[in-house]
Amino acid sequence: MRVMMAAAACLVLCLGTAAPVLAQSAQTPASPAQTPPLTAYAALPATGLVRLSDDGSTIAYLRRIEDRSEVIVQTLTGELVTTVDVSDRKATGLTWLSPDHVGILSSVYEGGLTIGASEQPQMDIVNVRTQGVARALRTADRPVINATYGYSRGVHRGQPALFVEAVTNDRNAYTLDIYRVDLNSGRGVRVAQGERDTSGYLLRQDGEPALRIARDPASGRTRLSVPDGLGWKQIFERTELIDEPSVWGFGPDGDSVMVSVTEDGKDVLLELALADGTRREGIDLPGTPDNVLYDRRGRLLALGVGGDTVNWVYFEPKIEAASAVLSQGLRERRVSLTSFSESYDQVIAYSVGVGTIGDSGTYYFYDAPARRVSVVGRAYPGVPNDQVGPVRAIRYAAADGLTIPGYLTVPSGVPVSRLPLVVLPHGGPQSRDYLDFDWLAQSLASRGYAVLQPNFRGSSGLGEAHLQAGYGEWGRKMQTDVSDGVRYLADQGLIDPDRVCIVGWSYGGYAALAGVTLENGIYRCAVSMAGVSDLPAMLESEVRQQGSGAESRNPIIRYWNRFMGAEGSGDSRLNDRSPARLAAQADAPVLLIHGRRDTVVPFDQSVRMERALRAAGKPVEMIALEGEDHNLSQAATRRQMLEATVAFLEEQNPPDAP
C-alpha cells in the first residue's frame, strides 16, 4: 500500500456540475457504438465503495484503472486530498472513522490463523491530512490476531476513537474481545473481554458493550445479554440449528436492539428493549434482509429485502424522503442509497438500469436542501448505455407446479426469437439473482446469447416457502427447476432448444456439471467455475477444515446437509448426485475453471472432475487461475476466465449458427 501526496496526483474522476432538477440529471444515452470488448465487462468496477464524510463535503471511493486500484479522497469541489494505492490487496469496504481518518477494509489470504488457509478481514487507517497509514491491531497490549471482525466508531476522552472486535489468543484460549484502536498508530488496547461463546457485540459511543451476542454451534442456541452490574443479564434466547437470529443494530432511540427471526414461516423484524428484552414491535419482512443502512452510532436507519425492486423498511424520515425523490427522478432504475452525511441532507446513491433502460451502474451525489444531483462515477464506463442488454423478469412453472422467478437478459437491438441460450444458475445455493446489471450475463448477451438466471427453489429472499422447497433437493428438483426454464423459453419461441449451454459459478458450477451428467440431451456444453463435483469429498473437506467432531456441530456442514438431504459425508446417497462419480454419463464438452486460492470450494473439486472425465474418455478442458480466490477478485484472472468461457461457448455453441 502506498499513499500519494495530493500535490503529486492528478484527479481523473471529478464530480460533474450539479443539475438543477434531478430528472434532468439522469445518465444521457451514449451515441451508437460497436460491441464493447470483453475487457469492458471483465474489468472490476471502475468506481465503487463511495462514502460521504460526516459533514457531506468530502467523498472517499475506490477507483480502478486496468490493474491498478486506488482509494481516492476528494472534496465535492474537486480538490484531491489523498490517493492511496491498494493494488496489492482486495479492498472490500471504505468507512469514515473521523473527519480526518478513512478506514480501508481488505480481505487478506492467510495461512495458519485457522485450520487450513482462509481469508481474513483487516483494516488500514489513513489519516487524510498527514498521509499516514496504520494497520489496525498490528500491535496491541494483548496477543491479538490481526483481523477486524467488527468495528464501531466512538469517542474516547473527547476524541474520535475506533473500537474493533478481534480475537485474543491467550494461551490457546480464543475469545472475541473489544479493542480500542488509536487512529494514528493502529495500536490496540483491550477494553472488554468476551467469553468462549461470544460471537458479537453492540457498542455504545464510549466502547462499552450495550449487548453481547453468544452462539453455541452445537445446539444452535443464540443468547442476547446486557450488562447487569458485574455480570450479564439475558434478555433473549432462540434455538435454531441453521437460521439463527440476526442482530441488525440499535433501534431508533438507541435503547433497543433490532433482531430478525423466522416465525411461522415468515421473516420478522423485532425491536427488543435493551433494559429487559420486552418486545416492542414486530414487522413482517417480504424476505431475508440483504441491505442495511446505519447511522454513525450504530442505529438502524433502513433495512432492505432485494427483489425486482428493493423493498425497504425505513426508520429515518430524511433517508426515506431522499430515496423516494431519487427513485422518482431515476425512473426504471434500481436505486439504493449507499452513504450519507450525518445530517442526512446529502446522500450517495447507486443506480442500475432495469428493463430497457441502459445503465451499467452509476453513483450519484444528491443534496436534498438544494435539490441538486451530480454524477460521481460509473461502474462500467466501457459499456455504453445503448449496449446494455435489456433485462426482463420472467416466471415459469416447474414440473411440480412451483413458480420459479428468474431473469432473462437478451442482446441489445436483436429480435428476441429463437436465440441461442446460456443458462446461468447462481451460487449459494441459498442466494439469488436480481433484476440488475450482471457483468457476466451482460458480457454473454453482448456476444449474441440470451441468458437465463433462474431463482430455483432454495433461493433466498423469495419467502420462506420458496427457500424450504429446496431442502434436500440438491441435484434433484433444484436441478430440474433450471432445465424447466429452458423448456419454458423454448415453448415461448424465445430461444432455440438445440442451442443451449450452461455456465455456473460455485453452486452454479455444480448445476452446470449436473446438467450434462444427471440430465442428458439438454445442453451442448457446460462451464463450471469453482464448482462442486464430489459431494462426499466436499463435506469431508469441511469436516477437516473445522476439526474433529465438527460434522454434528458446525452450522456450515448443517447447511450443506440441509440442501443435499444427507446425513453426513458418509451418506452413500450423495454418490448418485456427484458429477465426478457420474462422469461416464456426461453428454457434452466441459470447461473447468478454478482459482488455486479458493477457500470456499477446494481447487481439488475441479481436479477430481477433470480426472474423472478424462478417465471416461469425455472432452474436458481445465484452467487453473493462479492466485485467484472463490470470487474472481483479481482483474487479470477475471479477464482470463471470461475470454476462455466465451471462446469455449462460441466453439461449442456458435451464436450465429443457423
Side-chain angles (χ1 to χ4, degrees), residues 199-200 202 211 213-226 234-252 256-292 300 302-315 395 397-398 400-405 428-434 455-474 476-478 481 555-565:
S199 63
L202 274 184
L211 181 80
I213 307 163
R215 289 199 171 109
D216 176 13
S219 66
R221 183 185 179 205
T222 298
R223 294 180 297 117
L224 306 183
S225 302
V226 297
Q234 182 175 304
I235 63 169
F236 176 87
E237 179 179 341
R238 183 70 63 96
T239 299
E240 298 286 354
L241 290 176
I242 300 179
D243 300 316
E244 66 270 10
S246 295
V247 175
W248 293 99
F250 288 106
S256 61
V257 58
M258 310 301 288
V259 183
S260 64
V261 298
T262 301
E263 292 184 342
D264 299 325
K266 296 181 180 180
D267 292 292
V268 179
L269 182 66
L270 306 178
E271 182 179 358
L272 306 176
L274 284 170
D276 55 10
T278 300
R279 178 169 171 168
R280 295 181 176 175
E281 188 175 3
I283 302 173
D284 288 345
L285 300 172
T288 305
D290 56 6
N291 285 282
V292 63
L300 182 62
L303 197 65
V305 178
D308 294 349
T309 60
V310 181
N311 300 296
W312 288 94
V313 177
Y314 293 97
F315 301 96
R395 279 168 173 72
D400 64 356
L402 182 68
T403 298
I404 306 298
Q430 190 173 328
S431 180
R432 62 158 300 168
D433 282 314
Y434 298 89
N455 281 317
F456 45 81
R457 71 190 69 204
S459 300
S460 61
L462 297 164
E464 198 67 18
H466 193 83
L467 173 65
Q468 293 181 2
Y471 295 172
E473 297 297 339
W474 185 302
R476 295 170 174 149
K477 290 182 179 180
M478 285 168 63
D481 285 350
I556 296 175
I557 298 172
R558 289 181 185 143
Y559 170 88
W560 288 94
N561 284 336
R562 164 187 275 185
F563 283 98
M564 292 178 183

Any [X] side-chain heavy atom under 4.5 Å of [Y] side chain:
X	Y	answer
Thr262	Asp267	yes
Val257	Phe250	no
Ile235	Leu211	yes
Val259	Leu272	yes
Leu224	Val247	yes
Gln430	Phe563	yes
Arg432	Leu462	yes
His466	Pro405	yes

Residue pair Leu467 / Gly458: nearest heavy atoms and the distance that separates them: CD1-O, 3.2 Å

Closest non-hydrogen atom pair between Ala302 and Trp312, with its separation: CB-CE3, 3.6 Å

side-chain contact (heavy atoms from CB on, under 4.5 Å) evaluation trace for Leu303 with Leu285: CA-CA 9 Å; Leu303 197 65; Leu285 300 172; 4.3 Å; yes

Atom CG of Asp276 with >12 non-hydrogen neighbours under 6.0 angstrom: yes

Residue pair Met258, Phe315: steps toward the side-chain contact (heavy atoms from CB on, under 4.5 Å) verdict: CA-CA 11 Å; Met258 310 301 288; Phe315 301 96; 3.8 Å; yes

Do [Y] and [X] meet the salt-bridge criterion of a basic N to acidic O distance under 4.0 Å?
X	Y	value
Arg279	Glu263	yes
Asp481	Arg457	yes
Glu464	Lys266	no

Distance (rounded to the nearest 0.5 Å) between [X] [atom1] and [Y] [atom2]:
X	Y	atom1	atom2	value
Asn455	Ser460	CG	OG	8.0 Å
Arg215	Thr222	CZ	OG1	4.5 Å
Ser199	Arg223	OG	CZ	10.0 Å
Leu269	Leu300	CG	CG	6.5 Å
Leu274	Ser225	CG	OG	11.5 Å
Trp474	Met564	CH2	CE	4.0 Å

Residues Leu270, Val261; criterion side-chain contact (heavy atoms from CB on, under 4.5 Å); working and verdict: CA-CA 8 Å; Leu270 306 178; Val261 298; 3.9 Å; yes

Lys/Arg cation over aromatic Phe236: Arg238, 6.0 Å, 45° cone: no

Ser256 and Glu271 side chains, donor-acceptor separation under 3.5 Å: yes

Test item: Glu473 side-chain N/O and Lys477 main-chain N/O as donor-acceptor pair under 3.5 Å: yes

